[in-house]
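In what follows, a structure is listed as structure tokens, so that the remarks can point back to it.
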Amino acid sequence: MKTSLFDYRLPPGLIAQRPLVKRDASRMLVLDRKTGRVEHSWVRDLPKWLLPNDLMVVNQTKVFPARLFATKPETGAKLEVFLLRPVIEKADEEWEALISPAKRIKGSCVLQMEPKGEVAILESLGEGHFLVRINRVGKVRKFLEQHGHMPLPPYIKRKDDSKDRARYQTLFAKKEGSVAAPTAGLHFTKSLLADLKRKGIKLTAVTLHVGLGTFLPVSSDDIEEHVMHPERLEVPPAVVSSISSARKKNGRIVAIGTTVVRALESSVQGDGTLKAGVDETRIFIHPGYSFKAVDVLFTNFHQPQSTLLMLVSAFAGRERVLAAYDEAMRAGYRFLSYGDAMLIL
């Protein structure tokens, strides 16, 4: 299937540059994936669209301030160091990182970080990725909390500020490890969760640490040639139990975001049941995929030619999704990470 089939023209003015003051004040386009019918609503009205005994599954990953700035001492060139993940989980010094502009890195060298410390380039991993070691900062994670910048996506054309520390983080964030927010979860507030609970809708949480690869456009002409970057996930036994219980009560499994879809679908066993545990996934969901774990999807609007748009198209049909996107653009919806939401029933 051609990547170009998932292209659409997104006016830059519709890309949300800042979040709304109130998380659940976003608009919500509701799409019936069986009929293609579209209705316009609000995130705060989500309870009216769900049913008692439905089970919402959220992603409890936490974004860490992964972006650092450095200088090449020999030339004074300014570089950005984007930490992706530690080489050894929970280790502190050696990381896989994206450095830009990568062309300024020739072999092994040491960069001076701002405001202190060093980034030693150990090895090139290709395509702008490097193995690096962070020196002279003490505990790296403590240094990141003090001096790192929140990794806002490149389509947000401004510097991160102090408000992003809280706003680019979901209410569910507990386990640090993501370099991008699971953006569907950004819409939830305590009052909305209370309304959902009163409706009889249950809540459970998985963890999928979002890597940079999830949000990158597909560069190959044929989507079958695209390879996903690995991402760590955890599906606790309590999630498996909650899903089984919901199914017995004819409740629907409502995935809050594409990361939850990927975590659950990656954990389905041959007999259709879910497997609890910690793993890595490279699952690439695109049209032709048969969903086994998810019935309803709450998500944001995604970039043209992205794997996320392909996942949503697999869930609701490419033509219906693109028609819904056209309707959202005509209605002035706000797109991408800090934008409005879409509920697919």
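Every value quoted in this text rests on a predicted model; they were computed, and no experiment measured them. Numbers for residues simply follow the sequence, beginning at 1.
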So CD of Q303 and CG of D7: to nearest 0.5 Å the spacing works out to 11.5 Å
Within one Ile-Leu-Val-Met-Phe-Trp-Tyr cluster: L233 and V58, side-chain cutoff 4.5 Å: no
Under 3.5 Å donor-acceptor, R33 side chain and F315 backbone: yes
Show your reasoning for whether salt bridge (Lys or Arg N to Asp or Glu O under 4.0 Å) applies to E118 and R133. CA-CA 8 Å; E118 299 175 343; R133 186 176 62 245; over 6 Å; no
Does one side chain, of W42 or S26, offer a donor that lies under 3.5 Å from an acceptor on the other?
no
d(S266 OG, D279 CG) to nearest 0.5 Å is 8.0 Å
>> Any non-hydrogen side-chain atom of V206 less than 4.5 Å from a side-chain atom of V260?
In response: yes
Separation between CG (L322) and CG (L5), nearest 0.5 Å, reads 9.0 Å
If you count the non-hydrogen atoms of other residues, nucleotides and ligands that lie under 6.0 Å from CD in E114, is the total more than 12? yes
With under 30° as parallel and over 60° as perpendicular, where do the rings of F143 and H147 fit, or are they tilted in between?
tilted
Check: Shared ILVMFWY cluster between I283 and I223, side chains joined below 4.5 angstrom?
Finding: yes
Discussion item. Heavy-atom count check: over 12 atoms from other residues, nucleotides or ligands less than 6.0 Å from R136 CZ?
Written reply: no
- [ ] For the residue pair E327 and Y333, confirm or rule out a side-chain donor-acceptor distance under 3.5 Å.
- [x] no
Exactly one of V321, T259, V261 clears side-chain contact (heavy atoms from CB on, under 4.5 Å) with L311, and that residue is V261
How about F64 and W95: are their ring centroids closer than 6.0 Å? yes
Worksheet item: Side chains of T207 and Q60: donor-acceptor distance under 3.5 Å anywhere?
Response: yes
**Asked** Side chains of Y155 and S337: is there a donor and an acceptor less than 3.5 Å apart?
**Response** yes
Looking only at the aromatic ring of each residue, does the gap between the centers of F69 and H149 stay below 6.0 angstrom?
yes
Query raised in the report: Does the ring of Y338 carry R18 above it, NZ/CZ under 6.0 angstrom from centre and within 45° of its axis?
Result: no
Given the options R158, R165, K159, D161 meets salt bridge (Lys or Arg N to Asp or Glu O under 4.0 Å) only with R158
Result for side-chain contact (heavy atoms from CB on, under 4.5 Å) between M113 and one of V81, L79, I134 points to I134
Residue pair N300, H187: steps toward the side chain to side chain donor-acceptor pair (under 3.5 Å) verdict
CA-CA 10 Å; N300 278 26; H187 296 286; 2.9 Å; yes
Between H302 and F335, is the ring centroid distance below 6.0 Å?
no
Task: D24 versus T189, side-chain donor and acceptor atoms under 3.5 Å - done: yes
| Considering residues, nucleotides and ligands other than K292, do more than 12 of their heavy atoms fall under 6.0 Å from its NZ? | yes
Separation between CG (L343) and CD1 (I256), nearest 0.5 Å, reads 8.0 Å
Taking the cut-offs as 6.0 angstrom to the six-membered ring centre and 45 degrees off its axis, would you call K175 and F172 a cation-pi pair?
no
Would you indicate whether E127, at its atom CD, is surrounded by more than 12 heavy atoms from other residues, nucleotides or ligands within a distance under 6.0 Å? no
request  = May I ask you to test the K62-S178 pair for a side-chain heavy-atom distance under 4.5 Å?
outcome  = no
message: I'd like to know if the side chain of D271 pairs up with that of T273 as donor and acceptor (distance under 3.5 Å, no hydrogens or angles considered).
response: yes
*Is any side-chain heavy atom of L264 closer than 4.5 Å to a side-chain heavy atom of I243?*
yes
Measuring centre to centre across the rings, with the benzene-like ring taken for any Trp, is F298 within less than 6.0 Å of F188? yes
